[in-house]
Amino acid sequence: MKCLKIFLFVIIFTTCHNVAALDLSLSDAVDMALQKSNRGTIIEGDLEVAKQQYQAERINFYVPEISINGQLPVYSVSENFDNIFGQSEKTLNRRTKFDFDADITLKQSLITGGDFTLQSRLFNKDSKYPQVKYIRDDSGKIIDQFVFEENQIDKQGQFDFSLTQPLLKPSQPKYDLKNKKDDLKIAEIVKIEETTKLKIEVVEAYFGILQTKLQYEIEKNKTESALIQKNIDSSKFSEGILSEEAWLTSASSLLDAELEKFDKENEKLEKKRELALLLDIDFSEEINTSEPVLTERITESQKKIYINSWENSIKLLKARYDYNKAKRAANFTASSHGLTGTVEANYSLVRGDTKLKKTISTINTDSWGVSVNFTLPIWDGGSKGAEIKAARISAKKSQIAFEKVKKSAKAQIATLINKLDISYRKLSVLQKQIELAKNKLDIAKFRHEDGQISTLEFLESKIYYLETQDKLLLELKDYYNSKFELEGTFRS
């Protein structure tokens, strides 16, 4: 029964361990980093923010800002002990108010830099207050008086139209909109740059796991070889055939091999941590990696398409957008200096009535106005001139940077294509070299089993085969880095 429990425990543990393992190809790892990791989400989120900011700036020219202000009906009561006009004695007087006020405002930004505002207001006021009533005789002489409560109701609706337009000055909204558009284009390029950078980091970590696993096996075989050599040298030293110095060198080589094996084991864990961090997965989760398959070689027609499209490379486009922004800022700063003005126009329409003593009075009023204002700065201590100069210098720097990128863009693309093509050809040679090393290892294994060669000679062939595989992985890593870098040179 006890043996059965132990057997079941081993089965459950093995099953759980196998379930936890994550099989990842290089393309799976790249997709996971881009689509499921926090960093991939942030890269995508930064672009979405830029899109929303541009759309918000753009929509201001088509949809007005709307705001509603209002208050709940307000009822107030106030009392005072004082004289009412026309009354000689002080009395306790009571006044009440029941008010309601609300307005809706629409503000439309104009592409010319001005603002158009429309405001509609509704006002209702119900007031009650004490008044003195005089009683006169036929001759008009006051013979008596008394205090009564007067009720006045005011109802009004009001429309206000206003227009403000800058003169002799560039449009600030148009300037902001163009900047937001360039910011969006730059954000699209930054996304490509960050995506390419993330892909290359995944390649480095992924191949790091493959290489350190292989390098660990190499060091393990080297350690085994060093142990055998040390044992041989110990026998020779005991028989007086080998000097003590040579024996110590052999023993030291064994220790060096063991230390190197420990280092490779630590590097393997470090690369695993790097990949887990990039993919946002638990470090304790087992990751199974496999050697990526070599993609098809870049064709001559693809090379021509890449080189002929050098003007659309993202580095050149980004430099152009930066230069456009700097040049626009310099022109805007310079144009805002000097004589400027503002034209303002307004129109107000009021409609309503007042009810007092059962008499309704209609109130209809219209008013408008137009004004033009000009401003000419005489002396500002040179601050505006310094601001203009700084903006122009910044634009010049951006122009120089743009020209520099423009001169090197085509050559950089050609270099990447050449690097990718050479790497592909080197991989073809290395694959043949691996085949030869594998044949050499198979022959050595047969001869070792047949007793024709020593274990040291067999291990030497095995180590050579593993080192050739390591060279292939190193070149394959460079190939994928060059491939992703070339793909990230353009928008698509």
Side-chain angles (χ1 to χ4, degrees), residues 23-27 29-30 199-200 202-229 253 256-257 260-261 263-265 267-268 271-272 275 287-300 302-303 414-487:
D23 294 325
L24 269 183
S25 65
L26 177 61
S27 59
V30 170
K199 285 181 179 180
I200 291 174
V202 171
V203 168
E204 291 288 340
Y206 191 90
F207 276 94
I209 293 176
L210 291 173
Q211 285 183 278
T212 51
K213 282 182 180 178
L214 193 58
Q215 290 165 3
Y216 177 76
E217 288 299 317
I218 293 172
E219 295 305 324
K220 190 164 71 170
N221 283 276
K222 285 184 177 180
T223 302
E224 184 180 352
S225 177
L227 178 61
I228 294 172
Q229 186 64 52
S253 297
D256 289 339
E260 191 67 26
K261 186 178 69 171
D263 288 340
K264 292 302 175 184
E265 187 174 8
E267 285 180 24
K268 182 173 66 173
K271 291 299 178 182
K272 181 184 173 184
L275 186 60
I287 301 174
N288 294 330
T289 55
S290 57
E291 183 180 318
V293 179
L294 184 62
T295 57
E296 294 183 2
R297 184 177 180 181
I298 185 170
T299 63
E300 292 299 322
Q302 289 175 325
K303 292 178 185 179
T415 300
L416 278 174
I417 292 172
N418 187 55
K419 185 178 178 182
L420 184 65
D421 195 46
I422 290 175
S423 184
Y424 186 91
R425 285 184 285 170
K426 287 175 69 176
L427 285 168
S428 300
V429 174
L430 282 169
Q431 285 175 339
K432 293 177 181 178
Q433 193 173 5
I434 285 178
E435 290 177 7
L436 294 175
K438 181 67 168 61
N439 291 335
K440 181 181 177 182
L441 177 61
D442 291 340
I443 294 171
K445 183 180 180 182
F446 174 79
R447 294 178 66 191
H448 177 255
E449 291 174 350
D450 197 42
Q452 298 180 32
I453 61 173
S454 66
T455 304
L456 280 176
E457 291 174 302
F458 168 70
L459 289 174
E460 184 180 340
S461 297
K462 188 177 181 181
I463 290 169
Y464 175 74
Y465 171 67
L466 293 174
E467 288 177 338
T468 307
Q469 283 186 311
D470 188 41
K471 288 180 183 179
L472 178 69
L473 288 176
L474 179 61
E475 193 59 46
L476 194 58
K477 180 184 72 174
D478 292 341
Y479 171 81
Y480 273 98
N481 281 340
S482 299
K483 179 178 179 292
F484 287 141
E485 190 175 353
L486 181 62
E487 291 174 352

### Query
Side chains of Glu475 and Tyr479: do they bring a donor and an acceptor to under 3.5 Å?
no
### Message
Donor-acceptor pair, distance only, cut-off 3.5 Å: does the side chain of Asn418 make one with the backbone of Ala414?
### Response
no
### Query
Which heavy atom in Leu476 sits nearest to a heavy atom in Pro292, and how many Å separate them?
CD2-O, 3.5 Å
#### Entry: Gap separating the CG atom of Leu227 from the CD atom of Gln229, nearest 0.5 angstrom
10.5 Å
### Query
Is the shortest side-chain N to carboxylate O distance from Asp421 to Lys303 below 4.0 Å?
yes
### Query
Once the angle between the rings of His448 and Phe458 is folded into 0 to 90°, is it parallel (under 30°), tilted (30 to 60°) or perpendicular (over 60°)?
parallel
### Message
Under 4.0 Å between a side-chain nitrogen and a carboxylate oxygen: does that hold for Glu487 and Lys483?
### Response
yes
## Note on the structure
Rounded to the nearest 0.5 angstrom, the NZ-CD1 distance for Lys271 and Ile287 is 13.5 Å
### Distance-minimising heavy-atom pair for Ala257 and Ala226
CB-CB, 4.4 Å
### Query
Would you call Lys264 and Glu219 a salt bridge, using N to O less than 4.0 angstrom?
no
### Shortest non-hydrogen separation from Gln469 to Ile434 and the atoms involved
CA-CD1, 3.9 Å
### Query
Going through the checks in order, is the side chain to side chain donor-acceptor pair (under 3.5 Å) test met by Tyr464 and Glu460?
CA-CA 6 Å; Tyr464 175 74; Glu460 184 180 340; over 6 Å; no
#### Entry: Whether Tyr206 side chain and Leu24 backbone form a donor-acceptor pair below 3.5 Å
yes
### Task
Just do the side-chain contact (heavy atoms from CB on, under 4.5 Å) check on Glu260 and Thr223 with the steps written out, would you?
CA-CA 9 Å; Glu260 191 67 26; Thr223 302; over 6 Å; no
### Task
Quick one: do Phe207 and Thr289 satisfy side-chain contact (heavy atoms from CB on, under 4.5 Å)? Show the steps, please.
CA-CA 9 Å; Phe207 276 94; Thr289 55; over 6 Å; no
#### Entry: OG on Ser461 to CG on Asn439, rounded to 0.5 Å
11.5 Å
#### Entry: Heavy-atom pair of closest approach, residues Tyr480 and Val293
OH-O, 2.6 Å
### Query
For Tyr216 and Lys261, which heavy atoms make the closest approach, and how far apart are they?
CE1-CG, 3.4 Å
### Task
Give the minimum heavy-atom separation between Ala29 and Val202, together with the two atoms involved.
CB-CG1, 3.8 Å
#### Entry: Working for side-chain contact (heavy atoms from CB on, under 4.5 Å), residues Leu210 and Lys477
CA-CA 10 Å; Leu210 291 173; Lys477 180 184 72 174; over 6 Å; no
#### Entry: Any donor-acceptor pair under 3.5 Å from Ser423 side chain to Lys419 backbone
no
### Message
Taking NZ in Lys426 as the centre, count heavy atoms belonging to other residues, nucleotides or ligands within less than 6.0 Å. Is the count above 12?
### Response
no
### Query
In Å, rounded to the nearest 0.5 Å, how long is the span from CG of Leu441 to CG of Leu436?
12.5 Å
#### Entry: Leu420 CG to Arg425 CZ distance, which is reported to the nearest 0.5 Å
11.0 Å
### Message
For Glu435, is there an ion pair with Lys438 - N to carboxylate O distance below 4.0 angstrom?
### Response
no
### Message
If you apply the rule side-chain contact (heavy atoms from CB on, under 4.5 Å), what do you find for Gln215 with Glu267, and how did you get there?
### Response
CA-CA 10 Å; Gln215 290 165 3; Glu267 285 180 24; 4.2 Å; yes
### Query
Any salt bridge between Lys222 and Glu467, counting N to O under 4.0 Å?
yes
### Query
CG of Leu459 to CG of Asn221: how many Å apart, nearest 0.5 Å?
5.5 Å
